[in-house]
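Report on the structure given below.
Just so it is clear, the values below take in all heavy atoms, side chains as well, and ignore hydrogens, waters and symmetry mates. Computed from a prediction, not measured in an experiment: that's the story for all the values here.
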Amino acid sequence: MLRRWNTHATHPRYLGLFSPCPRKASLVADALLALYNPQLASWNSAPFANELERFTLRVLAGEIGFDIDNIACHFTSGGQESNFTAVVAALTHAFPGYGLDGLRGLHACPVFYLSEQGHGSFDKIAHTTGLGRRAIRRVATNRDSRLDMDMLADMIARDRAQGLSPFLVVGTVGTTAAGAIDPLGALSDFCGKNGLWFHVDAAWGGSAVLTPMLKQHLEGIEKADSLSWDAAKWLSVSMGAGMFFSRHPTAVTDAFRVEVPYATHVTHLEPDGYKSTMQWSRRFIGLKVFLTLAEIGLPAMRQEIEHMCHIGNVLRQELIGHQWKIVNQSHLPLVCFTHALVEQDRVSVQEVLKELYRSGDAWISSVLLHGKTVFRACITNHRTSDEDIRALVGSLNQILTQWNDGQNK
Ligand SMILES: Cc1ncc(COP(=O)(O)O)c(C=O)c1O
């Protein structure tokens, strides 16, 4: 039933929503986890697992450009938990009373900012932290879907004039809809000057730091106060491999500190996970990330990311060569596109997708971009080849031809 009633996200022709094909090392790690079931809540109960996670995260933190001797970092269930952690840490940092008295104890009315393309997890986070969904200020984007800095400055000035208290700005690396990268350098400067916490949601796009080809577009990322990155979106591991990093270890520990009478005490440098993160019991998430990187090595992982960017370019060329129109600009392998027949309302995106899904040839999604529904294809599978791309475009062409023929009968 799992084989039959399931969208096969591990297939090389699944070009959908940030689900890579886990490598063998990731599968082995998941099996080992089930066997040993280590509990990472405290260092004492699983020293090897805790140390391996710390090692893995520090290697990746170094790739981002953080000072690895002065950061908080831990694994999370995914991008949403990492973003949640960032908002709670930023709130605790900006409003020290928040921890004891909650929002009702504040004289301020905290608000935070992200682009209108920023991830929907922040709506839920605003709701569940008690900030309220109206605390999110969505900043307009440019034509290329990047946050507009002038708009941000205007909104913050207006909100402050009305007595609101801005405390956080979120920049995205790789928006879910169109793969846009917000202007990180400008955002970090702006936040530094205005006393705001700067969080980078790089849940999917974080892996771009691994290759100089993409890292050149991420200037300023190393100045983020906190960052979300999810290995399960673009590092060939199975789901549940979020990562959270912050340059402010004390702010993070302050947000999650707790004392219990039954804890065992050992001497080691950092606080146990149950005292410094949202989770209590902790799975050994880091093993699959470590083993996957160890299986092929960082240089090969860099090449894989570059390969997927190459495949994205092949897709762009194939589409343009067959009269499709690209409607997003991204350095990442995410392509949004449409066709004249769709623009003229002669066939809808959903009708084409229905046929594509029925054929079982490939899987892509749709997205609402600048008020129009368009096709969206994203390459996160290291096994996707040029041939898969040609098969996808061939299939789309065939669907349109058959549809045209049907209309002309
Ligand atoms: C940019 C971004 N942030 C956060 C998330 C939420 O991540 P998760 O589903 O791992 O909780 C996603 C999910 O796709 C995302 O694309």
Side-chain angles (χ1 to χ4, degrees), residues 8-30 52 55-65 75 78-79 173-176 179 181 202-218 221 227-243 245 285-318 330-335 362-364 376-392:
H8 287 275
T10 58
H11 194 281
R13 289 190 197 162
Y14 173 85
L15 307 181
L17 302 162
F18 307 149
S19 285
C21 174
R23 287 189 155 274
K24 248 182 247 155
S26 173
L27 309 188
V28 170
D30 276 338
L52 192 81
F55 171 78
T56 308
L57 288 164
R58 284 176 186 199
V59 168
L60 295 173
E63 295 289 324
I64 298 164
F75 282 96
V173 173
T175 55
T176 319
I181 299 172
W204 165 52
S207 300
V209 300
L210 296 180
T211 155
M213 185 184 102
L214 294 175
K215 198 166 181 200
Q216 58 174 314
H217 305 296
L218 308 180
I221 194 168
L227 183 138
S228 304
W229 178 5
D230 187 357
K233 296 202 179 351
W234 201 15
L235 273 187
S236 307
V237 302
S238 62
M239 231 182 282
M243 301 180 281
F245 301 87
I285 293 172
L287 184 61
K288 61 189 168 189
V289 180
F290 172 80
L291 282 186
T292 300
L293 292 171
E295 181 189 357
I296 63 168
L298 261 179
M301 190 55 90
R302 295 187 211 287
Q303 282 171 10
E304 268 193 2
I305 300 289
E306 288 173 10
H307 165 76
M308 290 182 263
C309 290
H310 158 76
I311 296 291
N313 288 336
V314 173
L315 175 59
R316 290 182 184 99
Q317 285 154 14
E318 280 288 316
S330 177
H331 300 292
L332 307 174
L334 194 165
V335 187
W363 202 96
I364 61 172
R376 175 190 176 284
C378 181
I379 293 103
T380 51
N381 188 324
H382 61 282
R383 297 190 305 153
T384 303
S385 65
D386 296 29
E387 198 191 317
D388 293 314
I389 295 301
R390 281 192 284 277
L392 163 69

Flag, side chain of S238 to backbone of P22, donor-acceptor distance under 3.5 Å: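 No; zero donor-acceptor contacts below 3.5 Å.
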
Check: L15 main-chain N/O paired with N381 side-chain donor or acceptor under 3.5 Å: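 No.
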
Would you please name every residue forming a salt bridge (Lys or Arg N to Asp or Glu O under 4.0 Å) with [X], sequence neighbours left out?
X: R13; result: D388
X: E63; result: R302
X: R390; result: none

Which atoms form the tightest heavy-atom contact between [X] and [Y], and what is the distance?
X: A231; Y: V289; value: CB-CG2, 3.8 Å
X: S207; Y: I305; value: CB-CD1, 3.7 Å
X: Y14; Y: S19; value: CE2-CB, 3.9 Å
X: L334; Y: C378; value: CG-CB, 4.0 Å
X: T56; Y: G286; value: OG1-O, 4.5 Å

Pairs touching residues 306-315 that satisfy side-chain hydrogen bond (donor to acceptor under 3.5 Å, both in side chains), sequence neighbours left out: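 Qualifying pairs: T211-E306, N313-R316.
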
Partners passing side-chain contact (heavy atoms from CB on, under 4.5 Å) against A232 (at least two apart in sequence or in another chain):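 With sequence neighbours excluded, A232 shows a side-chain contact (heavy atoms from CB on, under 4.5 Å) to D230, V237, A241, given in chain and number order.
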
Pairs under 3.5 angstrom only: tabulate donor-acceptor contacts from the side chains of residues 291-299 to other protein residues two or more places apart or in another chain.
unit_1	atom_1	unit_2	atom_2	d
T292	OG1	K288	O	2.6
E295	OE1	A25	N	3.3

Pairs flagged by salt bridge (charged side-chain N to carboxylate O under 4.0 Å, His left out) wherever residues 376-387 is involved - sequence neighbours left out: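 Of all non-adjacent pairs touching residues 376-387, none passes salt bridge (charged side-chain N to carboxylate O under 4.0 Å, His left out).
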
Inter- and intrachain pairs under salt bridge (charged side-chain N to carboxylate O under 4.0 Å, His left out), touching residues 208-217, at least two apart: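 Checked against salt bridge (charged side-chain N to carboxylate O under 4.0 Å, His left out) - neighbours excluded - no pair reaches residues 208-217.
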
side-chain hydrogen bond (donor to acceptor under 3.5 Å, both in side chains) with [X]: which residues, sequence neighbours excluded?
X: W234; result: none
X: H8; result: none
X: H11; result: none
X: S236; result: H382

Min side-chain heavy-atom separation [X]-[Y] under 4.5 Å:
X: W229; Y: L235; result: yes
X: L315; Y: L392; result: yes
X: T176; Y: W204; result: no
X: V59; Y: F290; result: no

[atom2] on [Y] to [atom1] on [X], rounded to 0.5 Å:
X: D30; Y: I285; atom1: CG; atom2: CD1; value: 10.0 Å
X: T175; Y: I181; atom1: OG1; atom2: CD1; value: 9.0 Å
X: S385; Y: I311; atom1: OG; atom2: CD1; value: 6.0 Å

